[in-house]
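Naming: A, B, ... by sequence-line order, numbering from 1 per chain.
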Amino acid sequence: MDRILLIGAILSLVGSLGYTLFALGAGNFRPGRFNVVAILVAFALMSAFLYLRGKLEGSCPLNSLFDVLIFQSWSFLLIYLVVGTAYRLSLLGAFTAPLAFLMLLVALVGPLDQTPMARATNAWIETHAALSIVAYGALGLAAVAGIMYLLQERLLKAHKVSSLLYNLPPITDLAAAIVRLLWLGIALLTISFAAGMLSQMAVNQVKYTASLAIWGLYALILVLHKFGFAPPRRLALFTVCGFVLVLVSLPGIQYLSSRP
Amino acid sequence: MNILCAGLNHQNAPIEVREKFAVGQHELAETLDAVRTIDGLSGAVILSTCNRVEFYASSICPVRTIDGLRGLMRDRTGYDAPLYIHDTTRSVQHLFRVASGLDSMVIGETEILGQVKKAYSSAAELGATTRHLNKLFQHAFRVAKHVRTETQITRGSTSVGSVAVDLAGKIFGDLSGKRVMILGAGETSERTARSLVSRGVKAVIVSNRTFDRAARLAEEIGGLAIHFDHWQNAFGDIDILICSTAAPHAIVRHEQLAPMMKARPGRPLFIIDLAVPRDVEAAVNNLDGVFLYDIDSLEGIVRQSIETRRSEVVRCEQMISHHVRSFVNWLRHHHEISRL
């Protein structure tokens with residue numbers, strides 16, 4: 001049953017992605033209801049999956065890499081539905097769907113242990129883990145908005161008037177969305193760290209240092225922006241590079257922290 | 001039951017002729033009353049815009065109705081109107097084309113749909129429409145929406161002014177609260193500024209070598225005139241710069257603009273250079289947050305939009321044909337259509 005829910009979510013995201021690619025290819029892309037509905041369906045199916053998985057594991061389903069990938073993918077959709085629709089950045093959905101789809105695909109077909117793992121529950125640890133992942137969802141979407149900004153800015157600078165230019169949001173709105181998503185991400189990350197401290201769990205030194213470094217990196221980006229050293233284009237670039245750095249360094253951190 | 005269309009438009013009648021036959025809003029009720037006295041005619045809608053005057057009628061006797069319409073137009077103006085007359089199928093097709101903007105002077109313009117809607121609602125309020133006309137116009141509105149949504153017939157802008165407004169929208173989003181500076185009070189810059197003002201820009205500053213001209217334009221568009229020697233002082237506070245001076249060399253240079261942009265981080269500047277020779281150095285476009293468009297790039301976008309719209313006409317016509325068949329079939333099922 002739970003596998004069917006995931007496959008349903010993947011199909012829904014593929015539908016959104018396929019529609020976007022087809023419409024962009026035909027030069028007739030209109031962001032709107034289709035992407036939002038497809039993402040809503042995928043979100044509902046993944047929520048159902050996470051609920052069932054949580055029941056099986058007896059805790060928030062974040063006990064394996066398989067769980068984390070799905071939770072992360074779910075958090076991308078959650079942030080999109082909250083932020084994307086509120087700020088009318090519906091095209092963000094067209095960019096979010098492939099990211100969520102890729103994570104789900106890796107979780108489902110990758111060489112990962114999919115067996116549910118029951119863990120003793122600790123509310124603070126669960127809060128810490130869940131909020132961290134939602135925070136990375138916000139930071140990931142900030143990076144997506146950053147890509148959109150760089151794309152739109154390039155089109156405007158190069159005088160390339162295309163379907164994409166008409167459908168991408170104004171660069172000023174995108175810059176504002178990046179800032180909001182970064183603040184949201186760093187706020188959630190801070191609360192997550194606080195929850196981690198309150199849980200009094202044993203912390204791996206590599207993970208601890210890496211987490212602090214990531215927090216510091218995003219705090220620095222926001223400070224630079226606040227004091228005028230990171231105007232919108234640089235901010236978008238930093239946000240994209242920052243998230244790529246996080247993604248690239250994750251396996252290394254995982255490897256180092258798993259060593260005795 | 002037959003649907004008829006009789007009228008004249010920008011394709012078959014010059015403005016001197018069209019203006020004679022135009023039906024103003026104040027004389028609509030009276031004209032509709034007169035139309036409804038025509039033999040065989042059961043209902044009518046009059047569409048009168050700057051580019052067309054058209055009568056859409058439902059009639060059981062097309063020949064008498066047409067004669068009656070001709071006579072009515074002659075009585076109103078004293079002239080024989082150079083009317084085109086369409087039978088049911090072509091009338092339906094014509095209305096669908098008109099509502100979709102395919103029959104407009106600028107293909108794909110959307111203002112006409114509002115005008116068709118207004119013409120229909122006025123006629124309906126005056127009790128001049130019939131079931132067939134109601135069905136026809138409702139169908140026309142659906143067709144126009146379908147054509148607009150499924151094709152790129154309304155895509156892009158078809159004048160330098162509207163391209164500038166579109167681009168400004170893609171840079172700033174909401175234009176209300178934005179400030180514009182006009183350097184050189186030329187005709188195109190004035191039109192462009194007016195387009196921006198119509199979209200809600202907050203303030204316009206005009207600067208021209210001849211101060212009187214700047215003052216005149218500023219007064220017309222509700223702006224502020226400043227002496228040409230002082231334009232750089234007001235530069236830090238503007239979002240859009242429109243240049244069209246007759247200067248023989250660039251007056252906005254890269255090295256001059258770079259420090260100004262550093263002093264306003266996060267605030268983009270949209271420069272529209274309409275002058276030939278250009279007023280703004282091309283290298284300015286490389287500055288962070290500066291978006292420079294010269295007259296060639298703006299006209300290139302206009303050409304591209306017109307080309308895109310033209311290339312969509314065939315698709316639109318196919319969609320309209322499908323809708324025409326559907327409507328005429330409905331009409332056939334309910335009433336026999338007699339041939340004109």
field: For chain B, which residues of residues 222-232 of chain A have heavy atoms nearer than 4.5 angstrom
entry: A:Gly228, A:Pro231, A:Pro232
Check this for me: [X], atom [atom1], are more than 12 non-hydrogen atoms of other residues, nucleotides or ligands nearer than 6.0 Å?
{"X": "B:Gln256", "atom1": "CD", "result": "yes"}
{"X": "B:Lys145", "atom1": "NZ", "result": "no"}
{"X": "B:Glu255", "atom1": "CD", "result": "yes"}
{"X": "B:Arg194", "atom1": "CZ", "result": "yes"}

message: Return the CG to NE2 distance between B:Asp294 and A:His159, rounded to the nearest 0.5 Å.
response: 7.0 Å
message: What's the separation between atom CG in A:Asp173 and atom CZ in B:Phe172, rounded to the nearest 0.5 Å?
response: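 Spacing of CG (A:Asp173) from CZ (B:Phe172) equals 12.0 Å.
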- prompt: Using non-hydrogen atoms only, which part of A:Leu235 is less than 4.5 Å away from chain B: side chain, backbone, both, or neither?
  reply: neither
- request: Check whether A:Glu153 gets within reach of chain B through its side chain, its backbone, both or neither, counting any heavy atom under 4.5 Å.
  value: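 Both the backbone and the side chain of A:Glu153 come within 4.5 Å of chain B.
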- request: Mind listing the closest non-hydrogen atom pair of B:Ile171 and A:Leu156 along with its distance?
  value: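 Shortest heavy-atom contact: CG1-CD1, 3.8 Å.
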query: Which of residues 272-292 of chain B have a heavy atom under 4.5 Å from any heavy atom of chain A?
result: B:Asn285, B:Asn286, B:Leu287, B:Asp288, B:Gly289, B:Val290, B:Phe291, B:Leu292
- prompt: Of the backbone (N, CA, C, O) and the side chain (C-beta and beyond), which part of B:Ile301 lies under 4.5 Å from a heavy atom of chain A, both, or neither?
  reply: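 Side chain only.
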task: Can you sort out the partners of A:Met197 under side chain to side chain contact (heavy atoms under 4.5 Å, CB included), two or more places apart, ordered by chain and number?
output: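 In terms of side chain to side chain contact (heavy atoms under 4.5 Å, CB included), with neighbours along the sequence ignored, A:Met197 is linked to no residue.
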message: By the side-chain hydrogen bond (donor to acceptor under 3.5 Å, both in side chains) test, which pairs, at least two apart or in different chains, include something from residues 165-176 of chain B?
response: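 Those involving residues 165-176 of chain B are B:Ser157-B:Asp166, B:Asp174-B:Ser176.
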